[in-house]
Amino acid sequence: MDVVEVTGGGRENLVPGTPLLEVEDLHIEFHTQDGVAKAVNGVSYSVAAGETLAVLGESGSGKSVTAQAVMGILDMPPGKITAGRILFRGEDMLTMSPKLRRTVRGRRIAMIFQDALSALNPVLSVGYQLGEMFRVHQGLSRAEARAKAVELMERVRIPAAKQRVGDFPHQFSGGMRQRIMIAMALALEPDLIIADEPTTALDVTVQAQVMDLLAELQSEFNMGLILITHDLGVVADVADKIAVMYAGRIVETAPVHELYARPAHPYTRGLLDSIPRLDQKGQDLHAIKGLPPNLLSIPQGCAFNPRCDRVRDVCLTELPPLVPVADEEGAELPGRRSACHYWRETLHG
Amino acid sequence: MGSYVLRRVLQMIPVFFGTTLLIFVMVYTLPGDPVTALFGEKAADPAVVASIKHKYFLDQPLWKQYLHYMGNLFQGDFGTSFTGRPVSDIMAGAFPVTIRLALLAFVFEMILGLALGMLSGLRRGSVQDTLVLVLTLMVISIPVFVLAYIAQTVFATNLGWVTPTVQDSYDLSQLVLPAVVLGSLSLAYVARLTRTSIGENLRADYMRTAVAKGLPRRTIVLRHLLRNSLIPVITFLGTDLGALMGGAIVTEGIFNVQGIGNVLYRAINTKEGPTVVGIVTVLVIIYLVASLLVDLLYAVLDPRIRYA
């Protein structure tokens with residue numbers, strides 16, 4: 001088979017901290033019968049090798065759509081990338097030939113999906129589905145691929161991997177299935193893994209195991225990881241930095257612990273306040289009032305304005321840019337940005 | 001798997017007895033006396049009639065007749081027709097013809113039906129998709145005898161490629177046109193079923209996974225999409241094989257194919273009880289075996305069924 005290589009060698013050649021993936025000003029629309037839904041409106045983020053970026057947001061915030069665009073699995077049509085660049089090791093994947101793009105998928109960037117039961121093919125054995133990576137991308141024989149599949153299953157700690165390699169997805173428990181998804185993503189030791197709500201469909205106890213496994217393998221292989229989630233609890237332990245999305249825009253970015261300690265956007269604050277806490281037992285839960293915006297008609301100005309308790313006139317007319325934020329002395333906080341006209345009040349007040 | 005097969009085989013027993021009893025009752029309660037009819041215009045000698053009736057057990061109550069028939073059947077004896085020819089003989093002449101006709105029709109509907117279904121299913125909303133939808137709708141709406149006469153007019157009368165009716169039922173090439181007509185309705189269903197099934201599976205999550213794995217499109221379609229999409233189609237095809245054998249009466253009649261359908265039609269007209277019951281019994285067995293095979297095949301294709 002012909003092997004088309006993307007520039008750059010293995011991960012070892014990478015300067016630490018150099019972005020592996022850069023998304024620049026990405027715009028994505030969906031053309032529906034009711035009109036044009038603006039799902040992503042100028043999203044930029046970057047991930048370096050060994051780094052974990054958590055993308056946080058409600059459903060419809062554009063977090064998954066952005067990831068699908070990066071992966072090249074966006075349904076087009078109805079989806080359409082109207083502007084922006086997606087650079088992988090400095091090369092724009094949106095202008096790459098489909099053939100070259102396909103060699104990036106699975107081999108350099110892999111994806112873990114939310115619901116492993118539906119994301120795995122029901123009629124093919126897990127061994128086949130894992131081995132397929134090696135057979136297609138590396139031209140291994142059926143037997144070699146099967147041996148590799150067993151290795152992978154052992155790597156993600158599936159008990160009795162040798163006996164279970166011929167089993168089908170429905171014969172595994174939810175946690176084991178998600179491990180198989182992880183194994184599949186890891187198969188070719190990609191540079192970057194995108195995990196789209198990897199633990200949402202799992203029991204809480206299994207969630208922690210799967211997250212730990214993912215984090216461990218990530219540091220072992222020094223991979224970049226984009227963790228898409230709506231669950232603040234999942235993020236805290238594993239992420240380095242967080243991007244909070246709302247209505248197709250990033251509204252705040254911050255190193256993970258700083259974001260938890262002092263959010264710089266009312267939406268982030270609302271999200272943090274809505275986590276049920278044991279020390280507030282018996283009190284009403286805080287919820288952000290209202291509903292996420294309809295993407296067919298995103299509000300003028302700041303998209304969060306109908307739900308914000310600090311809303312002022314300027315919020316209704318002017319779109320707040322994502323700007324660096326500073327501490328009380330005016331020193332810029334590294335990695336911190338907010339898209340709120342009144343980020344100072346939110347951060348310091 | 002073993003207990004599943006056993007259960008399915010056991011289920012066949014009551015179905016077999018139920019259907020044969022039903023057809024037995026229906027044939028023997030038909031108005032008119034087949035033995036008297038044998039004499040045509042001539043007056044029947046009551047003694048001869050009585051002796052023939054005795055010979056064929058027709059003087060016995062129905063339940064005794066049924067038990068007697070079943071008893072013989074399990075010894076491989078399908079009885080004797082009123083003309084004195086063993087029913088097994090009659091069937092041995094006609095079944096090979098029908099089996100060939102049915103298999104030809106089956107191959108035709110399977111290959112073309114799947115091809116058309118994939119063509120339209122993979123390119124929804126395209127010109128070829130619309131074309132397939134319109135054509136199959138036409139085939140489904142037109143009764144088979146109309147289709148048969150159109151085929152005769154076009155291919156025999158106008159183009160002269162074939163003779164309007166089949167001269168030698170054992171000649172495979174002459175069976176092609178009847179087979180196409182016979183298989184056309186199922187072809188339309190196969191095409192539409194394939195199209196729908198592909199459409200559903202195209203949107204499935206595992207397809208997105210396959211793309212994300214960086215697999216070539218050919219692998220995605222052949223290995224992942226078709227493997228899943230064809231499960232309902234194969235189920236349909238399997239049961240249809242049985243239906244093609246029994247459902248060829250009209251087609252065989254129009255094209256003068258000397259198969260089971262023609263024999264059955266004549267036997268019903270002359271109230272040839274033993275022949276009708278014999279043929280229908282065999283058809284029932286074919287149906288049962290075909291559906292058993294389909295169920296087993298289904299379990300092979302879809303691992304989720306296997307341990308149910």
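Just so we're on the same page: letters track the sequence lines, and every chain starts at 1.
Residue A:Leu186 holds its CG atom at 12.0 Å from CZ of A:Arg179, rounded to the nearest 0.5 Å.
Residue B:Arg223 touches chain A through both its backbone and its side chain, counting heavy-atom pairs closer than 4.5 Å. Both the backbone and the side chain of A:Ala119 come within contact range of chain B, with heavy atoms under 4.5 Å apart. No part of B:Ala204 comes within reach of chain A, as not one of its non-hydrogen atoms sits under 4.5 angstrom from that chain. Contacts between A:Gln114 and chain B at a heavy-atom distance below 4.5 Å are absent for every atom of the residue.
Comparing B:His224, B:Arg203, B:Met207 by heavy-atom pairs within less than 4.5 Å of chain A, the highest count is held by B:His224.
Across all their heavy atoms, A:Gly224 and A:Leu20 have their closest contact at N-CD2, 4.0 Å. Contact detail for A:Ala145 and A:Leu140: the closest heavy-atom pair is N-CB, 4.3 Å.
Surrounding CZ of B:Arg123 are at most 12 heavy atoms belonging to other residues, nucleotides or ligands under 6.0 Å away.
A:Asp115 pairs by the salt bridge (Lys or Arg N to Asp or Glu O under 4.0 Å) definition with nothing, not counting sequence neighbours.
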